[in-house]
Amino acid sequence: MQIIRWIIIAALSLSTVFAADEWMNFAEPAPIYSVIPYQSGVLMGTAGGLRYWSPERDVMFTSKDGLETSSIYGVASSPAGVFAVSEYGMIARMNDGGNSWRVVNRSFLKNNVRLIPDQVLIVENIMVLAFEDRLSFYNIVQEKSLLTVNRIGSNSLSIQPIKEIAVHGDELFVSTGTSLYSRQMQWKNLDSDIRLVDPDSWKLVSKGKEHLGLTWKNDSLKTHKTYGTWLWNNGKESSVALDSSAILIDGKPVKDAALYNEGKSRIRWLIPSGKDYYLVGPSAFFVYSSGKLKDVFPYSAYLLGGTYELAATVDGGVVAATADGRIAYSNGYSWQLPQYVFDGIGNAAEAYNYRMKVLSAANDGYLLYHIWGHRIALYKANGYAPVKFFSPLDDNSCLDEILENYTVAVGATVAPDSSGFLVATSSPGKYGLVYISKNGSITCAKNVGSVSHAGPLKARIDKNNSEWVVYVSTRENFASSDLGGLDEIRFLPPSKTGGRIATVKLTHFDGPGGKTPVDIAVDEKNEVAWMVTSSMIGYLDFQLDTIKSPQSTKGLLGAEYSSVDVDVHGNIWLGTTQQGAYRLSRVNKSFDTLSTMHFNARNGMLDDNVLDLVINPKQGMIWFAHENGVSWYRRNDLREAESFMTDDADVGVKAYPVPFRPKQYPRFTIDNISEGALVSIYNRGGSLIKSFRNDEVLGGRAEWDGTGKNGKLVAPGVYYWTVVDGSKKEKGKFLIIH
């Protein structure tokens with residue numbers, strides 16, 4: 001078993017811990033699109049957010065920090081401030097203090113055109129932005145877009161896009177690859193420069209060769225065939241360029257193998273810092289000091305990268321899986337080191353193409369995971385201690401083989417009594433069902449399905465007869481957009497049949513719109529199974545014999561769905577590939593009329609592309625998997641509170657922080673209470689200051705901001721709280737200090 005190294009995020013504070021609604025994002029800062037020097041380090045725009053690195057600090061800024069996105073293509077600074085530009089041109093400005101950002105312009109988003117990475121610069125109060133089909137100008141002081149240029153000289157920028165922009169003095173240089181243009185600019189009076197949009201006002205400087213790197217040695221223009229950085233210090237050249245064969249630092253070649261790939265440079269940006277240099281490339285970041293090279297590219301707080309699947313663990317955490325076959329466990333604030341399940345082989349493109357849901361977590365830290373065509377892996381310790389591997393090559397293997405020695409499954413789930421796991425394996429005939437116990441025993445029921453190909457599955461126990469009921473998505477082929485439906489498979493628990501899956505009963509249902517469900521969620525409290533196809537929502541009432549679709553989902557825009565889960569109050573959460581996530585709530589307890597809430601990157605989610613989502617009621621978090629990382633959202637009504645204030649409760653009622661300092665901590669919390677309780681706060685004289693009940697105590701938590709009925713902070717002193725639910729009563733006192 002590998003040694004587990006925990007990376008604790010030091011930025012946590014009491015105000016964060018006590019927050020009712022909170023976002024947290026984890027992302028790998030790669031690839032790197034843009035770099036500028038900032039303070040004693042560098043600020044980098046990446047696909048995972050903004051990373052600031054210095055010898056003293058390494059921190060990531062993402063959508064939750066005010067950026068409203070985590071894909072940053074450009075960074076720039078001036079005496080007026082520090083700015084970040086998103087993939088599609090949204091502009092954010094760093095707030096005073098440097099710990100958060102504020103979006104100042106969204107006007108370019110409507111064009112739906114990408115910024116060219118790293119092609120942002122600021123002169124005076126003007127930001128110049130090069131997009132794939134235009135050149136735009138923005139006033140950073142007035143916070144408004146000025147004008148856009150679509151043609152330069154004889155070139156249409158939609159046909160010959162900009163490759164590089166640079167400024168020397170008052171002259172703006174624009175390269176379209178084999179053509180280089182320049183123009184004298186009136187930076188302080190750009191509004192009055194009426195000829196700026198005239199293509200003929202630009203001068204052709206050079207034509208016929210590549211101009212991807214522009215630099216000046218004194219006042220002499222140097223052009224290069226590749227992107228890079230060229231500096232001169234007392235006549236000594238320092239230079240880096242992508243794909244070049246040599247890197248120079250102060251006139252001396254640097255030959256460290258880590259800087260090259262197959263003999264070609266990985267470095268694009270060279271930033272001096274005192275006597276040191278920062279060497280940065282799209283997938284590289286080094287510090288060069290006194291002739292020694294230090295790799296600082298890995299972001300230690302999160303090393304897993306993009307994910308496609310999540311499994312909630314009973315202890316309140318999550319296990320995430322990547323397409324290249326790595327998994328990692330998180331408790332919500334820190335991550336264990338990722339590990340490969342099977343020799344670096346993962347589910348690759350199949351993970352996305354087929355919407356695989358093959359990662360499953362049971363109690364006691366047991367985990368099941370399937371690698372396409374290779375094996376099924378059983379683990380404990382949340383995936384860090386292997387128990388047993390199952391392969392079609394094993395002696396006496398009962399696994400189905402879609403091809404010779406090739407087993408595939410699109411779905412796996414926890415057995416309904418948590419004794420093990422269930423997997424549906426495709427075959428040339430009818431798919432089979434596999435039960436794997438926690439001790440590593442395996443039993444297979446072959447040809448139990450209605451078709452050859454199976455998708456995701458979920459299971460429950462029929463409370464009337466103790467049968468296991470397994471819902472399996474069916475498909476004509478593996479593709480997640482195929483026609484298909486849902487199989488309901490019933491059988492007695494293996495514990496009652498000698499460890500076997502026996503006496504199987506099958507019922508088939510047509511899928512919503514005739515399509516295959518890509519994910520399923522079972523809501524046993526409300527006796528319904530919810531499912532999504534790539535384009536529709538459906539539900540199967542346990543008492544009915546057909547899958548229906550809700551009649552009204554006001555506020556739900558047309559989307560491609562990727563995942564579904566149900567929270568403790570019966571709300572349905574949907575993941576989408578472009579619109580973030582939706583929460584659907586039943587109106588008057590009806591499955592057919594649903595109200596909608598929408599969550600995306602503007603709220604704090606890492607990215608609007610949600611590949612999977614899962615709810616963990618232990619901590620009241622919903623987790624989201626993205627191509628560039630993982631995010632979670634915590635809110636009180638996601639937390640399971642049924643056991644609070646019962647004879648079986650694991651924890652008692654508690655109140656914190658004590659003493660309560662309202663100007664330091666935003667709220668006083670009374671926790672681990674029942675959702676039917678009445679919470680009251682009194683002053684020392686016995687007068688009621690505040691009370692909470694119903695929606696205010698969802699998730700078993702009441703939170704008070706320290707204000708009275710007049711909305712102002714109450715006076716310092718001793719206060720009392722009570723929690724009453726029927727015959728059960730808890731009470732305590734606390735001190736308020738201003």
Side-chain angles (χ1 to χ4, degrees), residues 309-314 319 321 325 327 329 341-342 345-347 356-402 405-427 430-449 454-461 467-473 487 489-504 520 522:
E309 191 170 358
L310 302 166
T313 60
V314 176
V319 177
I327 60 173
Y329 167 80
V341 174
F342 180 51
I345 298 174
N347 289 316
M356 294 179 66
K357 308 290 182 185
V358 293
L359 180 68
S360 187
N363 55 14
D364 302 324
Y366 281 85
L367 186 80
L368 192 80
Y369 190 46
H370 169 61
I371 297 295
W372 185 267
H374 289 275
R375 63 166 64 171
I376 296 171
L378 177 65
Y379 285 88
K380 57 184 180 180
N382 291 320
Y384 285 82
V387 176
K388 194 170 183 178
F389 301 115
F390 306 90
S391 165
L393 298 174
D394 297 337
D395 293 337
N396 302 318
S397 170
C398 66
L399 294 175
D400 283 317
E401 299 176 19
I402 192 70
N405 297 325
Y406 201 85
T407 293
V408 298
V410 175
T413 192
V414 179
D417 63 354
S418 280
S419 61
F421 302 88
L422 293 162
V423 183
T425 51
S426 298
S427 79
K430 307 294 186 182
Y431 71 80
L433 196 63
V434 180
Y435 168 66
I436 298 173
S437 70
K438 290 178 181 177
N439 63 17
S441 64
I442 182 171
T443 182
C444 305
K446 293 182 178 293
N447 297 309
V448 297
L457 66 160
K458 286 292 188 295
R460 68 177 178 92
I461 295 177
E467 286 183 331
W468 285 12
V469 184
V470 185
Y471 299 106
V472 185
S473 165
D487 282 351
I489 300 174
R490 290 175 171 267
F491 54 91
L492 289 174
S495 61
K496 296 184 178 182
T497 57
R500 298 176 298 110
I501 300 176
T503 318
V504 172
I520 306 166
V522 174

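These numbers come from a predicted model, not from an experiment. Throughout, residue positions are numbered sequentially from 1 according to the sequence presented.
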Test item: [X] side-chain N/O and [Y] main-chain N/O as donor-acceptor pair under 3.5 Å:
{"X": "Asp400", "Y": "Ser426", "answer": "no"}
{"X": "Asn382", "Y": "Ala361", "answer": "no"}
{"X": "His370", "Y": "Arg375", "answer": "yes"}
{"X": "Asn347", "Y": "Trp372", "answer": "yes"}
{"X": "Asp364", "Y": "Tyr366", "answer": "no"}
{"X": "Lys438", "Y": "Ser418", "answer": "yes"}
{"X": "Ser360", "Y": "Val414", "answer": "yes"}
{"X": "Lys388", "Y": "Asn439", "answer": "no"}

Does any part of the side chain of [Y], heavy atoms only, come nearer than 4.5 Å to the side chain of [X], both counted from C-beta?
{"X": "Ile327", "Y": "Leu367", "answer": "yes"}
{"X": "Ser473", "Y": "Pro456", "answer": "yes"}
{"X": "Phe491", "Y": "Thr503", "answer": "no"}
{"X": "Ile442", "Y": "Ser397", "answer": "no"}
{"X": "Leu378", "Y": "Phe390", "answer": "yes"}
{"X": "Tyr369", "Y": "Val358", "answer": "yes"}

### Task
Using the six-membered ring wherever Trp is involved, compare the ring planes of Tyr406 and His374 and label them parallel, tilted or perpendicular (cut-offs 30° and 60°).
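Taking His374 first and then Tyr406, their aromatic rings sit tilted (interplane angle of 30° to 60°).
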
### Task
Search all heavy atoms of Arg490 against all heavy atoms of Val469 and return the closest pair with its distance.
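Of all heavy-atom pairs spanning Arg490 and Val469, the closest is NH1-CG2, 3.6 Å.
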
From [atom1] ([X]) to [atom2] ([Y]), nearest 0.5 Å:
{"X": "Lys496", "Y": "Glu467", "atom1": "NZ", "atom2": "CD", "result": "10.0 Å"}
{"X": "Phe389", "Y": "Asp394", "atom1": "CZ", "atom2": "CG", "result": "11.0 Å"}
{"X": "Leu433", "Y": "Leu457", "atom1": "CG", "atom2": "CG", "result": "7.0 Å"}

### Task
Give me the one residue out of Val470, Thr443, Val423 that meets side chain to side chain contact (heavy atoms under 4.5 Å, CB included) with Tyr435.
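Answer to the side chain to side chain contact (heavy atoms under 4.5 Å, CB included) test with Tyr435 among Val470, Thr443, Val423: Thr443.
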
### Task
Kindly indicate, with the supporting measurements, whether the criterion side-chain contact (heavy atoms from CB on, under 4.5 Å) is fulfilled by Leu492 and Trp468.
CA-CA 6 Å; Leu492 289 174; Trp468 285 12; over 6 Å; no

